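First comes the structure, then the notes that go with it.
No experiment lies behind these values; they were computed from the predicted model shown. We name chains A, B, ... by the order of the sequence lines, and we start the count at 1 in each one.
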Protein chains: 2
Amino acid sequence: MFRGLQVQTEIAAGRHLPEPKGLGSIVDGMAALDQIGVIITVKRDEPLFFEGDAAEFYFKVISGAVRGCKLLADGRRHVGNFFLPGDFIGLDAAEYHAFSAEVVADTIMVRYARWKVHALADQELAIARSLVNVMRTELCAARNRMALLGQMSAMERIANFILMMADKSGTRDISLPMTRTDIGDHLGLTIETVSRVFSRLKKDHIIEQQSLHHIRIADRDALVDLADFS
Amino acid sequence: MFRGLQVQTEIAAGRHLPEPKGLGSIVDGMAALDQIGVIITVKRDEPLFFEGDAAEFYFKVISGAVRGCKLLADGRRHVGNFFLPGDFIGLDAAEYHAFSAEVVADTIMVRYARWKVHALADQELAIARSLVNVMRTELCAARNRMALLGQMSAMERIANFILMMADKSGTRDISLPMTRTDIGDHLGLTIETVSRVFSRLKKDHIIEQQSLHHIRIADRDALVDLADFS
DNA sequence: CGCCCATTTGAAAATAATCAATGGAAGTGG
DNA sequence: CCACTTCCATTGATTATTTTCAAATGGGCG
């Protein structure tokens, strides 16, 4: 069943795309996909789909942010991914979604019917290859995050997280649309630990905090030192 | 460069496959792949390839075990996967391998030249689909392991690990060819913690230990309780 | 302006890591 | 074949990091 998306707005796709910067660069040769996508907008905290739902659609984020969550039996939550502009959602799903997806901040997306994507991929080798490449990239990111979760201290995890967000945004001014709880559930830390580490980084003048959801990297070298990643 | 594999033995593939039980069931429609594979045997602790190596080959484990490792700058190690009979190695690689692979115990594998696999996949839709499905499965497993590494206690991690190994082996007698260090680096725990948890499980009669690398699940229900996974 | 909720900060507790020593199995060489 | 060496695993004591519990602060939104 396709629950969620109750408040979304659908707009015919292909025309009037808000011209998101750098979108095409992330996945080349995907222009044909635009023809079969529908633009939707989803409000903060709305679910896109739930773990175990039949996977009917794929999504691509244009603006905003989405979190991919898994719940443990006793209620603990793990945020596997933050999907940011340019990211695809759900490509790894077989028949059912392996995680639930919720919108972190008001988000504009393209929604693709699965069967249309598959038909297109069967027809055009370039599309199929691009999709495989997106999966490859995700797998690679997943492996890095496993090493982070398995081996790194709280400070190292957050330093890496900030650097990763900076890479995605392309500037040293970073928007963090998600809550501290989201970040904690993503990095395997409690909200308090996340807060303490951020405070420490501010005290050491490694980051500056403009507002709750907007920080700036003041000393990138120091941050890279803290991040340690090979 | 293709380092490693110094001690391997190559045997013409396709014929005389040791008929590994249940292999075909893992990936269907892959029979055509056998035609382009070469059987190799690799000894304990030999490297298959290193992180950053050009990805020239894919591998499929027939018997034995391989570990996929990532190294952090300061030498800490993370074992992302144990590849067991039936598992493919390196499918997620783009141009270069994202992790290094070392043989845990004497292992028989099939080695496929990348370009041959790609050519075959471009030609036969069924092959391409199978490869994508293998990647999907891996991505799904990676997400589960992230949740494990991010949220679970030492006991929960090891309970899940044992159950996962039991699922793969299909019996409640489980062979653990890897060392405690390998298990620790896989689960984000130290060797001492791994050892203590195993001892605890033995004391509580949840597992029995035949030998260092061979355990048996005595009380599966208790183990599932401890594992908690949703 | 004031309430509410997320965040921050502090103190205590718990889990796992580290340090250290012992035990035991596998492999080597005489 | 046995003794010796080496590596790996186990166990114990201590330490450190992070979590948990608790309270206060502050920003955003009605």
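The span of DNA chain D lying next to chain A, judged by atoms under 4.0 Å from heavy atoms, is bounded 5' to 3' by D/dT18 to D/dC21. With a heavy-atom cut-off of 4.0 Å to chain B, the contacted part of DNA chain C has its first and last nucleotide at C/dA16 to C/dC19.
Within 4.0 Å of A/S153, counting heavy atoms only, lie sugar-phosphate atoms of the nucleic acid but no base atom.
For the residue pair B/Y58/B/R114, the side-chain donor-acceptor check at 3.5 Å is satisfied. Side-chain contact, A/S153 with A/E156: a donor N or O sits under 3.5 Å from an acceptor N or O. There is a side-chain donor-acceptor pair under 3.5 Å between B/N81 and A/R143.
At least one side-chain heavy atom of B/M152 sits under 4.5 Å from a side-chain heavy atom of A/L72. Counting only heavy atoms from C-beta outward, the side chains of A/H186 and A/F82 approach each other to under 4.5 Å. Considering only heavy atoms from C-beta on, B/R76 comes within 4.5 Å of A/D228 through its side chain.
With respect to A/V61, the side chain to side chain contact (heavy atoms under 4.5 Å, CB included) criterion is satisfied by exactly one of A/V103, A/V66, A/V110: A/V66. Screening A/K70, A/R77, A/H78, A/R180 against A/D185 for a side chain to side chain donor-acceptor pair (under 3.5 Å) leaves a single residue, A/R77.
Between A/L212 and B/R196, the residue whose closest nucleotide on DNA chain C is further toward the 5' end is A/L212.
Ring geometry for B/F99 against B/F49 counts as tilted: the plane angle lies between 30° and 60°, on a 0 to 90° scale.
At least one cation-pi condition fails for B/R111 and B/F59: the charged atom is not both under 6.0 angstrom from the six-membered ring centre and inside a 45 degree cone around its axis.
Relative to the axis of its first five pairs, the axis of the last five pairs of the helix from C/dC1-D/dG30 to C/dG30-D/dC1 sits at 40°, rounded to 10 degrees.
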